Enquirer: 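Could you have a look at this structure, given as structure tokens, before my questions?
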Amino acid sequence: MKTIIDMHSIIKSFYIGLPNELEILHEIDLQVYEGEFISIVGQSGSGKSTLMNIIGALDRPTSGSYVLDGEDISELTDNELSDIRNIKIGFVFQTFNLIPRSSALRNIELPMLYNGLGMTERTSRAKELLKMVDMEDRMTHKPSELSGGQKQRVAIARAMANNPAIILADEPTGALDSKTGELVMDIFADLNKNHGKTVVLITHNTKLAARTDRILTLSDGRFERIES
């Protein structure tokens with residue numbers, strides 16, 4: 001089975017070399033296999049966001065090695081990391097991060113625009129993705145005209161725009177009621193099972209985490225428990 005995320009001895013420190021130097025992640029080892037659906041669970045302050053930023057190549061570790069889908073992150077330039085984020089990883093955030101003045105359709109097209117796809121191809125794929133998340137009847141609506149659950153479905157469709165290998169979801173149900181949160185989890189399960197996506201869910205919600213293949217519990221910057 002192919003390892004798509006391979007981390008060894010990851011340390012992340014801030015204020016390096018100063019008296020108030022702070023080590024947030026301590027010797028993290030993490031291996032995620034292609035096609036897995038895992039959750040990383042932890043309370044506020046456990047290091048979840050810091051770890052997510054490193055998994056998503058939004059930040060670099062202070063030390064340790066990270067190979068993402070065969071690419072050694074430490075050897076890449078900032079521009080190469082930006083390309084990896086755009087092509088290999090689809091991000092879903094708690095706050096949706098949709099562009100307020102753009103329609104649902106245009107929001108989904110944006111990552112494809114950065115990836116150099118022509119307008120006809122972008123629009124066609126964006127419509128397909130809206131259909132996949134059952135939002136095709138809202139394609140002209142702006143974020144302010146959508147409910148929280150609808151915004152998150154558009155955000156998931158946008159994360160799929162460039163057909164990434166990995167979906168990285170940071171507290172994707174945090175701003176939603178429990179019923180809507182379950183519907184969003186259904187979409188992630190479908191992406192994993194029927195579209196072959198590796199899904200990494202960052203959450204504090206143990207009930208939602210129970211729906212994933214593996215639960216990794218993070219506490220004070222270390223994995224304290226891993227459950228299948």
Side-chain angles (χ1 to χ4, degrees), residues 4-5 32-41 48-49 52 55-56 69 85-99 102-112 115 122-216:
I4 199 163
I5 292 170
V32 180
Y33 300 106
E34 194 172 46
E36 258 197 305
F37 187 1
I38 74 157
S39 51
I40 296 172
V41 178
K48 294 197 309 292
S49 295
M52 192 217 80
I55 293 172
D69 199 18
R85 288 194 299 271
N86 195 36
I87 295 163
K88 292 197 174 183
I89 303 171
F91 293 92
V92 182
F93 299 98
Q94 178 176 345
T95 50
F96 320 124
N97 287 16
L98 299 174
I99 295 165
S102 295
S103 67
L105 189 74
R106 295 288 174 251
N107 264 285
I108 295 166
E109 284 185 22
L110 196 60
M112 294 182 267
N115 203 21
R122 288 199 311 266
T123 304
S124 173
R125 175 148 176 82
K127 286 178 178 176
E128 273 178 37
L129 290 167
L130 279 166
K131 189 174 182 180
M132 186 185 77
V133 296
D134 200 21
M135 284 290 289
E136 66 266 44
D137 60 338
R138 295 282 193 278
M139 69 173 67
T140 60
H141 289 54
K142 291 178 179 168
S144 61
E145 301 168 314
L146 301 173
S147 69
Q150 289 171 334
K151 286 179 199 171
Q152 198 58 293
R153 281 191 268 167
V154 172
I156 292 168
R158 181 188 55 190
M160 286 287 291
N162 288 325
N163 198 23
I166 299 165
I167 300 290
L168 184 55
D170 184 22
E171 297 282 5
T173 64
L176 308 175
D177 63 71
S178 57
K179 186 180 177 185
T180 309
E182 289 285 355
L183 293 173
V184 166
M185 284 296 290
D186 289 343
I187 296 173
F188 288 128
D190 176 65
L191 290 176
N192 173 248
K193 190 175 178 183
N194 298 318
H195 298 267
K197 299 300 169 191
T198 304
V199 182
V200 178
L201 172 73
I202 315 281
T203 185
H204 67 273
N205 188 322
T206 52
K207 186 181 174 192
L208 295 182
R211 295 186 58 177
T212 65
D213 301 330
R214 254 195 316 156
I215 303 170
L216 296 88

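Please read all numbers here as calculations on a predicted model, not as lab measurements.
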Enquirer: Give me the atom names and distance for the closest heavy-atom approach of T203 to A209.
Expert: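 Shortest heavy-atom contact: CG2-CB, 4.2 Å.
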Enquirer: To the nearest 0.5 Å, what is the distance between CG (D69) and CD1 (I89)?
Expert: 9.5 Å
Enquirer: Any idea which heavy atoms bring I108 and A157 closest together, and the distance?
Expert: CD1-CB, 3.6 Å
Enquirer: Once rounded to the nearest 0.5 Å, what's the spacing between atom CD of E36 and atom CD1 of I5?
Expert: 9.0 Å
Enquirer: I'd like to know if the side chain of N107 and the backbone of A155 have a donor-acceptor N/O pair within less than 3.5 Å.
Expert: no
Enquirer: Give, for atom CE of M160 and atom CD of E128, the distance between the pair rounded to the nearest 0.5 Å.
Expert: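 It comes to 10.5 Å.
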Enquirer: D134: which residues meet the salt bridge (charged side-chain N to carboxylate O under 4.0 Å, His left out) condition with it, sequence neighbours left out?
Expert: none
Enquirer: Should T123 and L105 count as side-chain neighbours, where that means a heavy-atom distance under 4.5 Å?
Expert: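 A side-chain contact exists here, since the closest heavy-atom pair is under 4.5 Å.
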Enquirer: Spell out, as yes or no, whether a donor-acceptor pair under 3.5 Å connects the side chain of N192 to the backbone of G35.
Expert: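 Yes; judged by distance alone, with no hydrogens or angles, the pair exists.
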Enquirer: Identify the heavy atoms of S102 and P143 that sit nearest to each other, and give their distance.
Expert: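 Closest heavy-atom pair between S102 and P143: O-CD, 3.2 Å.
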Enquirer: Can you confirm whether V184 sits close enough to V92 that some side-chain heavy atom of one is under 4.5 Å from a side-chain heavy atom of the other?
Expert: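 Not touching, per the 4.5 Å side-chain cut-off.
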Enquirer: Rounded to the nearest 0.5 Å, how far does CG of L201 lie from CG of L216?
Expert: 11.5 Å
Enquirer: Within this structure, what is the CZ-CZ distance for the pair R122 and R106, rounded to the nearest 0.5 Å?
Expert: 7.5 Å
Enquirer: Any side-chain to backbone donor/acceptor pair from D213 onto I38? Under 3.5 Å, distance only.
Expert: no
Enquirer: Between E145 and R138, is the closest basic N to carboxylate O distance under 4.0 Å?
Expert: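 Looking at R138 and E145, the cut-off is not met.
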Enquirer: Just by modelled atom types, is the A126 backbone N or O under 3.5 Å from a matching donor or acceptor in the E109 side chain?
Expert: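 A pair under 3.5 Å: no.
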Enquirer: Using only atom types and a distance under 3.5 Å, with no angle test, would you say the side chain of S39 pairs donor to acceptor with the backbone of V41?
Expert: no
Enquirer: Show every side-chain hydrogen bond (donor to acceptor under 3.5 Å, both in side chains) that has at least one partner inside residues 158-179, sequence neighbours left out.
Expert: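 Sorted result for residues 158-179: N86-N162, N115-N162, N163-K197, E171-H204, D177-T180.
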Enquirer: Supply the atom-to-atom distance I156 CD1 to L191 CG, rounded to the nearest 0.5 angstrom.
Expert: 7.0 Å
Enquirer: Checking I166 against V32 for the side chain to side chain contact (heavy atoms under 4.5 Å, CB included) test, could you report, in this order, the C-alpha distance in whole Å, the side-chain angles of both residues, the deciding distance, and whether it holds?
Expert: CA-CA 10 Å; I166 299 165; V32 180; over 6 Å; no
Enquirer: Are M135 and L146 packed together at the side-chain level, in the sense that at least one heavy-atom pair is separated by less than 4.5 angstrom?
Expert: yes
Enquirer: Taking the side chain from K151 and the backbone from L98, do they hold a donor-acceptor pair closer than 3.5 Å?
Expert: no
Enquirer: Please give me the minimum heavy-atom distance between F188 and P172, naming the atom from each residue.
Expert: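 Heavy-atom minimum between the residues: CE1-CG, 3.7 Å.
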Enquirer: State whether the side chain of Q152 and the backbone N or O of F93 hold a donor-acceptor pair below 3.5 Å, judged by distance alone.
Expert: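 Confirmed, Q152 side chain pairs with F93 backbone.
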Enquirer: Ignoring hydrogens and geometry, is there a side-chain-to-backbone donor-acceptor pair from S103 to K142 under 3.5 Å?
Expert: no
Enquirer: Evaluate the side chain to side chain contact (heavy atoms under 4.5 Å, CB included) criterion for residues E182 and K207: first the C-alpha distance (whole Å), next the side-chain angles of each, then the deciding distance (0.1 Å), finally the verdict.
Expert: CA-CA 10 Å; E182 289 285 355; K207 186 181 174 192; 3.7 Å; yes
Enquirer: Between F91 and N97, does the side chain to side chain contact (heavy atoms under 4.5 Å, CB included) criterion hold? Intermediate values first, please.
Expert: CA-CA 10 Å; F91 293 92; N97 287 16; over 6 Å; no
Enquirer: Between D186 and R211, does any side-chain N to carboxylate O distance fall below 4.0 Å?
Expert: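 Answer for the salt bridge query: yes.
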